[in-house]
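I have placed the structure first, in the form of C-alpha cells, so that the comments after it can refer back to it.
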Protein chains: 2
Amino acid sequence: MPHNHKLIYYINKWVSITSDEEAKIISAFELKSAAKKELMLEPGEVCEYIYFITKGAMRSYFVDDKGNEHIFQIRLENGWISDLESFFTQRKSNYYLEALEDVEVLRISSSRLEALYEEVPKLERYFRILFQKAYINSLERLNATMWDSAIERYNDLVKEQSDIFQRVPLVYIASYLGITPESLSRIRKKKS
Amino acid sequence: MPHNHKLIYYINKWVSITSDEEAKIISAFELKSAAKKELMLEPGEVCEYIYFITKGAMRSYFVDDKGNEHIFQIRLENGWISDLESFFTQRKSNYYLEALEDVEVLRISSSRLEALYEEVPKLERYFRILFQKAYINSLERLNATMWDSAIERYNDLVKEQSDIFQRVPLVYIASYLGITPESLSRIRKKKS
DNA sequence: TAACTCACTTGACCTATGATAAGAAATGAA
DNA sequence: TTCATTTCTTATCATAGGTCAAGTGAGTTA
C-alpha cells in the first residue's frame, strides 16, 4: 500500500471521504524521509509540521535543567507526532523530535492544515475526533502515572504495545513510563 | 450576563459565530442546576452529557479496588466537564461527576451535539480547538506528575489556580495533585 | 454546655523508586 | 578477533512520599 493510502485508510476509519476530498488531502501532505537519529525539531525552533508516520518510529523528548532526557511520546507507523503546543501557537518549542529508526513521514504545515480544513471540512471532524481520543488517552496515562505502580504500568505497556519492546531501547521505554532504566531493569528481572 | 451568553462568549473567543448560529447553539443546550454533593453521573451509567459549568464547581473522580477516591478533574465556572470516554463511546462510565458547590450547568447530549455539528460546523471547529488545548494541557500535567516533585506541582497549582484553594477542600486538591492529604499538609507547613 | 463531625495536621515508621557507581552483554567498527 | 561503544543489569545506599494512628480546632447539633 502506498504511503498516501495508509493515511487515507486511517482517516476513513472515522469519516467517510470522497475520492475528490481524498485527492485534496493527499496533495496537501508532503512526503519526507529521515535517517535514524535525525532530528525534525529542536528546542528554540517553532514546530512547523504535524507528522503522520508511514514507516519507522519516532520519539519526542525534552532535556531538563540537570541535563536529563525525558521522553514524552514514542510513536510507530500510522501514528501522528508533533509538538502540538508549538504547532498551534507558533511559538518556540522546548522539545526534540527524533527518528528512532529510518523513517518516512507525511507532513503538513499549520497554515496548510488550516486551509485544508476549509477545503475539506470532514478533515476537521477527523482531527476533532483524533484530539478527543488523544486527550482521553493522555488522561488515562496520567491516571496510571498517579495511582498505579511502575510494575502495573510496565505490564499495561507490554499488553498494549508489546511491539515497541522489540524496536525501542529500554532506556527510552523507561523514560516513557516515568521511571529510571535501573528500575525498569529490576521490574523485568522480577518478571522472569 | 445570562448563562447562555457566557457559553457564547467563550465559543466566540475561538470561532466567530453569527447570531443565527448563536440561536441554534443556545437552543441545543439545556439549563440544569444541582445542589452541592449531588451526582450527575455514577459508575455503571453511560455519561449522556457534556456539561458547561456556568456557576459553581464540580469534580470527577473514581473509586479504586481498595475504596480510595481518586480525583480526576476539578472544574469551576466556564469550564467543561464530562466523562469523555463514556460520552463518546456510549459505554458505561467508571466515574462519578459531583457538584462541589451548588451549580448551574448547560448540558448537551452526545446525539444532539452530533446533530449540532451539522447545523453549525463552526462549533465542530470550536470543539476541535477545545480538545486540542485540553490534550496539550493534559500532557503537561502528565509531564509534571512524572518528573516534578509534589512541592513543585503544588506551587504551580497555587500560581495557576489559586482560586480553587478558597473553594475546594484540601483532600480533593491533594488527590488532584496525585498525593495524600497528609503529604499536602506537610508541603503547606514547610511553605509557611 | 457538651458531644459530634468535618477538615486538617502531626508523628513514627515503611517502601518504592531514585542516585551513584560498577560491571556484564550485546553490537558494531577496524 | 580485538577494541570500543552502546545497552542493560546489579548492588548499595538515600529519600520522597505513603501508611497508619492519633490529635487539634472550627462549626453544628442537641
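Proteins come first, then strands; the chains are lettered A, B, ... in the order of their sequence lines, and each starts at number 1. Nothing here was measured: the structure is a model prediction, and the numbers come from that model.
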Checklist entry - Is there a residue in residues 146-167 of chain B whose heavy atoms reach under 4.0 Å of DNA chain C, and which residues are they? => result none
Checklist entry - Could you give the NZ-to-C1' distance, from B/Lys189 to C/dT10, as a whole number of Å? => result 7 Å
Checklist entry - Roughly how far apart are A/Glu48 CD and A/Met40 CE, rounded to 0.5 Å? => result 14.0 Å
Checklist entry - A/Pro43 versus A/Phe62: any side-chain heavy-atom pair under 4.5 Å? => result no
Next on the checklist: Could you tell me how far apart A/Ile179 (CD1) and C/dA19 (C1') are, to the nearest whole angstrom?
Outcome noted: 15 Å
Item to check | Interatomic distance, B/Leu177 CG vs C/dC8 C1' [rounded to whole Å] | outcome: 16 Å
Next on the checklist: Between B/Phe72 and B/Tyr95, is the ring centroid distance below 6.0 Å?
Outcome noted: yes
Item to check | Side chains of A/Ile187 and A/Lys190 in contact at under 4.5 Å (non-hydrogen atoms) | outcome: no
Checklist entry - B/Phe165 vs B/Tyr154 aromatic rings, parallel, tilted or perpendicular, using cut-offs 30° and 60°? => result perpendicular
Pairs under 3.5 Å (N/O, protein and nucleotides 23-30 of chain C):
none

Checklist entry - Distance under 6.0 Å and angle within 45° of the ring axis: does B/Arg141 meet both against B/Tyr176? => result yes
Item to check | Distance in angstrom units between A/Glu182 CD and C/dA19 P, rounded | outcome: 9 Å
Checklist entry - Taking side chain as C-beta onward, heavy atoms only, is B/Phe131 less than 4.5 Å from B/Leu84? => result yes
Checklist entry - Going 5' to 3' on DNA chain D, which nucleotide is the first and which the last to come under 4.0 Å of a heavy atom in chain A? => result D/dC8 to D/dT12
Checklist entry - At under 4.0 Å between heavy atoms, what does A/Ser185 touch on the DNA or RNA strands: base, sugar-phosphate, or nothing? => result base
Checklist entry - Picking from A/Lys6, A/Met58, A/Glu101, what satisfies side chain to side chain contact (heavy atoms under 4.5 Å, CB included) with A/Ile53? => result A/Met58
Next on the checklist: Measure CG/B/Leu184 against P/C/dA7 and give the value in whole Å, please.
Outcome noted: 14 Å
Checklist entry - Side chains of A/Leu41 and A/Phe87: does their closest heavy-atom pair fall under 4.5 Å? => result no
Checklist entry - Of all heavy-atom pairs between A/Val105 and A/Thr54, which one has the smallest distance, and what is that distance? => result N-OG1, 4.0 Å
Next on the checklist: Other residues, nucleotides and ligands only: do more than 12 of their heavy atoms fall within 6.0 Å of CZ on A/Arg91?
Outcome noted: no
